Amino acid sequence: MTTIESIRALEILDSRGHPTIAVRVRLTGGIIGTAAVPSGASTGAFEAIERRDGNKKRYGGKGVLDVVASVNTEINECLKGFSIFDQTGIDNRLIALDGSDNKSRLGANAILGTSLACARAAAQTLGIELYRYLGGAGPVIMPCPMFNVLNGGAHADNSIDFQEFMIRPHGAPSFAEALRWGVETYQALRTLLKKKGRIISVGDEGGFAPNLASDDEALDLLVDAITQAGYKPGAEISIGLDCAASELYDEKEKRYIEKKRRERKEKYESRTTDEQIAYLQHLVSRYPIDSIEDGLSEKDWDGWHTLTKTLGTSIQIVGDDLFVTNPKFLERGIAEKSANAILIKLNQIGTLTETIQTIQRARRVGWRTVVSHRSGETEDTFIADLSVGLSCGQIKTGAPCRSERTAKYNRLLFIEDIENGNSTFLDTNREQLAVSKR
Ligand code: PGA
Ligand code: ZN
């Protein structure tokens, strides 16, 4: 039996230059599995807790040396001698060792880093690809990528309140082609922005971050870029939004406020839930938008039901902050028909086992699953293998720009190549939506 010999962590940097942790699991027999943990900026209120030192003298309080110490001592001792092939057992031990209900004692970063490094070490011991270890011997489905080509919200220093404007090349014949279509559209967008005299510097996820007058201007630019690149808007490449509306919601007033525009003393909108839904409906009627993530706040469950009833028969309604990859909130969402798709972020819940549980539950009720990076990323590509192994069908990992983003897309190119023509690219728009009748 191959067992865990030792676990060591290290403080490394994420793509924003903030500290995060990397974990190395060494097995009897000498194989080493590693993993690094990402970090969000627009985090959901109920995410598992990312632990930081809080010592203002180091990295402005963002250091993770205490987290590293927890891995090197407590976690190392707890898992030493444990079978590397019992992922559920490993994760359950980590959850029990932590003892809190949100992983705050050891930190979701300590727990997730260990959990993922163990899975990598197990795959390497068997001499198989990680996506095969996660998914088994079945046919491989390559995910449709969603490229975040215009960044706003908490990810960019501009006046756009919606966080992400994405392009979805669902009509491509393969992942490699979808990537090419996405890149060509991204480059066409760059040319258009330059022609208009806009800045072409990029935001945290590699998308352009110019100042634009309105959401309409952003969406018009995307449609133009798709067309300029030679593709059919809607039929071949559609548009997805992540409004990250929890950031816009004023709980007291129960209104959605364009806060960045307000701060910049620009003209801004303040909408009730019904007005926000009507606004999204208006955008969907005008533009080839077929996916909306976090169109409403995580505090607005009733609104989500109405939104899904209104738009969920024709487009994908994705819950990110609302569900935080947590089986408990997903269960509520299924009961209340709050969405028809869920965003999957490993570090929102903190273990591989619970993430898989959430994905499987969503798939069983016909919901779509979108595997996601975080805005603060590392060069780790685990999520690429996760999206393939669990047949999730979709992945969003930023624009095709910045190496921490392209690392995931490049890994998917490798996977498609390894499968040598035997994989299928998922045209998400041919997949049935789980439709709410009530
Ligand atoms: P975050 O953003 O990683 O900053 O939370 C990603 C998202 O909201 O989907
Ligand atoms: Zn989101």
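As the structure is a prediction and not an experimental result, all values here were calculated from the model.
Counting heavy atoms from C-beta on, the side chains of L134 and L390 come closer than 4.5 Å. By the 4.5 Å heavy-atom criterion applied to side chains, K396 and K408 are not counted as neighbours. A heavy-atom distance below 4.5 Å is found between the side chains of R52 and V64. At a threshold of 4.5 Å between non-hydrogen side-chain atoms, the residues Q87 and C118 count as touching. Annotation: side chain of K103 is not in contact with side chain of R51 (no heavy-atom distance under 4.5 Å). Side-chain contact between W301 and S338: present, with at least one pair of heavy atoms (C-beta onward) separated by less than 4.5 Å. At least one side-chain heavy atom of S42 sits less than 4.5 Å from a side-chain heavy atom of H155. The shortest distance between side-chain heavy atoms of T313 and L311 does not fall below 4.5 Å.
Taking both residues in full, the closest heavy atoms of I160 and D215 are given as CG2-OD1, 4.4 Å, listed atom of the first, atom of the second, then distance. What you find for R411 and L130 is that their closest heavy atoms are NH2-N, 4.3 Å. Taking both residues in full, the closest heavy atoms of I12 and A22 are given as CD1-CB, 3.9 Å, listed atom of the first, atom of the second, then distance.
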Tell me, with the steps shown, if R93 and D86 meet salt bridge (charged side-chain N to carboxylate O under 4.0 Å, His left out). CA-CA 11 Å; R93 274 196 165 209; D86 184 2; over 6 Å; no

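Side-chain atoms of D242 do not come within 3.5 Å of backbone N or O of Q163 as any donor-acceptor pair. Remark: the backbone N or O of G312 is not paired with any side-chain donor or acceptor of T308 at under 3.5 angstrom. Remark: the backbone N or O of Q187 is paired with a side-chain donor or acceptor of T191 at under 3.5 angstrom. S246 places a side-chain N or O within 3.5 Å of a backbone atom of E298 that can act as its donor or acceptor partner. A donor-acceptor distance shorter than 3.5 angstrom exists from the side chain of D98 to the backbone of L106, with no hydrogens or angles considered. Listed for the D290 side chain is no donor-acceptor partner under 3.5 Å among the backbone atoms of S238. Remark: side-chain polar atoms of D427 are paired, donor with acceptor, to backbone N or O of N429 under 3.5 angstrom. One N or O on the side chain of Y409 and one on the backbone of G398 form a donor-acceptor pair closer than 3.5 Å. Within the 3.5 Å criterion, the main-chain N or O of T353 finds a donor-acceptor partner in the side chain of D91. Judged by distance alone, the side chain of W304 and the main-chain N or O of S297 form a donor-acceptor pair under 3.5 Å.
Side-chain contact annotation: D14 with S39, donor-acceptor N/O pair under 3.5 Å absent.
Taken from CZ in F414 to CG in D385, the straight-line distance is 12.0 Å, to the nearest 0.5 Å. The distance from atom CD of E74 to atom CD1 of I7, rounded to the nearest 0.5 Å, is 12.0 Å. Here the straight-line distance linking atom CG of L27 with atom CZ of F82 works out to 13.5 Å at 0.5 Å rounding.
Relative ring orientation between H282 and Y279 is described as parallel, the plane-to-plane angle staying below 30° on a 0-90° scale split at 30° and 60°. Between Y249 and Y256, the ring planes are tilted. Angles from 30° to 60° get that label.
Ion pair R58/E11 flagged as a salt bridge, since at least one NZ, NE, NH1 or NH2 atom sits closer than 4.0 Å to an Asp/Glu carboxylate oxygen. Under 4.0 Å is where a charged nitrogen must lie from a carboxylate oxygen, and between R374 and E47 at least one such pair does. The residues K62 and E50 are annotated as not salt-bridged, no charged nitrogen and carboxylate oxygen being separated by less than 4.0 angstrom. With salt bridges taken as basic N to acidic carboxylate O contacts below 4.0 Å, none links R16 and E377. A salt bridge between E177 and R180 is present, with a side-chain N of the basic residue lying under 4.0 Å from a carboxylate O of the acidic one. In summary, E431 and R363 engage in a salt bridge, as defined by a charged side-chain N under 4.0 Å from a carboxylate O.
Aromatic rings from F323 and W367 are positioned such that their centres are separated by under 6.0 Å. You'll find the ring centres of F329 and F46 inside the 6.0 Å limit.
Residue D157 qualifies as open at atom CG: its count of foreign heavy atoms under 6.0 Å is 12 or below.
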